[in-house]
J.: 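Please see the structure below; I have some questions.
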Amino acid sequence: MSSTKKKKISLFQRGAAAAERYTGTSDLYMCPICGNAFNMSDLLTAKLTLEHIPPSSVGGKGIALTCETCNKTAGYTIDAAVSGRADVINFTNVIANSESSLGVKACLQIGEDSVNVQVLCEEDGTVNFLILGDSNNPCTVERTSAYMERLARDREGDGEVLHVVSRARYHGRMAQVGDLKTAFLAAFAAFGYRYALDPRLELVRSQILHPCEHIIDGWSVALNLPEDRQYMLMITESVTGVVVKLDKVGVILPWLESRSDFYGELARTYSPNERLQLNGKIVTWPTRLEMALDFYQSAYSEQKKGMDLISERK
Ligand SMILES: [Zn+2]
């Protein structure tokens, strides 16, 4: 049996055991986004799929299962936006900061012509444009090369502007819905169904299921948290919620003690671009289905104690 298959089966079994209080059997895994129940044969026929958190295109690991509909249909648009945004950030790092890396694809625009290139930066800051033979019209390449040679030879190019444009495009709000999905699923892996299926999370799940609709707002938060690593922060001062810290951004989610109008209350309390100074307990990023609230009863019955338990046992 392949290691991926073994992993999926073990995620299924852990999830199904946690879902028993909802399904009445330990044979059904519930998709944390839509709440539908699936059996083992659905896993084998790929109706239930391994979900990478964050998406695999930005380095996520498979730590939960979601149904095919939530993973592929609803997920495709938002995952594409998340990976498009990562490409744009990479492009900016290469171009603006001469960050040497494997290079980034871009479009070099000269007059009417535009040529697909690979941008490569060297350690001394030299930026090279490598023309991609396969993805260009040969006539355009010939014209552009002749133009560049003339520029270099005659030094006539004073004041000439060359445009270098990223080939990546992404939908800003869609990428934010992608962050919301990553944050929600990470919180599901850490806390379990008792968290994910709580009525306070209903609008979050609905927004992930319907990425093109405008259901909630205000989950992206600017943070004064310097490190790049991913973790969660349980907040009890000023607001009660969970901040899921992704690479560069933070996502705030309701906690079980939050008011039902969580995002409305946030919007009334904070101005849109205000940097939140948030203090709380750090919960480390889940590496599997921890589901602390499902498996540790005391964590649920006494919330304060539960938070200690969650953060101390890692
Ligand atoms: Zn689903």
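Counting starts at 1 for both ligands and their atoms, in listed order. Small disclaimer: the values here were computed from a predicted structure and weren't measured.
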J.: Before giving the answer on ring pair (Phe, Tyr, Trp, His ring centres under 6.0 Å), spell out for F188 and Y193 the whole-Å C-alpha distance, their side-chain angles and the decisive distance to 0.1 Å.
T.: CA-CA 7 Å; F188 161 68; Y193 290 114; 5.1 Å; yes

J.: If we ignore angles and hydrogens, is there a donor and acceptor under 3.5 Å between the side chains of T140 and D113?
T.: no

J.: Would you list the pairs meeting salt bridge (Lys or Arg N to Asp or Glu O under 4.0 Å) in which at least one residue belongs to residues 54-74, sequence neighbours left out?
T.: none

J.: Mind checking whether L65 and L43 have side chains closer than 4.5 Å, heavy atoms only?
T.: yes

J.: Got a sec, which hydrophobics cluster with Y170, joining ILVMFWY side chains under 4.5 Å apart, including via others?
T.: V88

J.: Spell out the protein N/O/S atoms under 2.8 Å from the Zn ion (ligand 1) as residue plus atom name.
T.: C31 SG, C34 SG, C67 SG, C70 SG

J.: List, by chain and then residue number, the residues other than I89 in its hydrophobic cluster (Ile/Leu/Val/Met/Phe/Trp/Tyr, side-chain heavy atoms under 4.5 Å); write none if there are no others.
T.: none

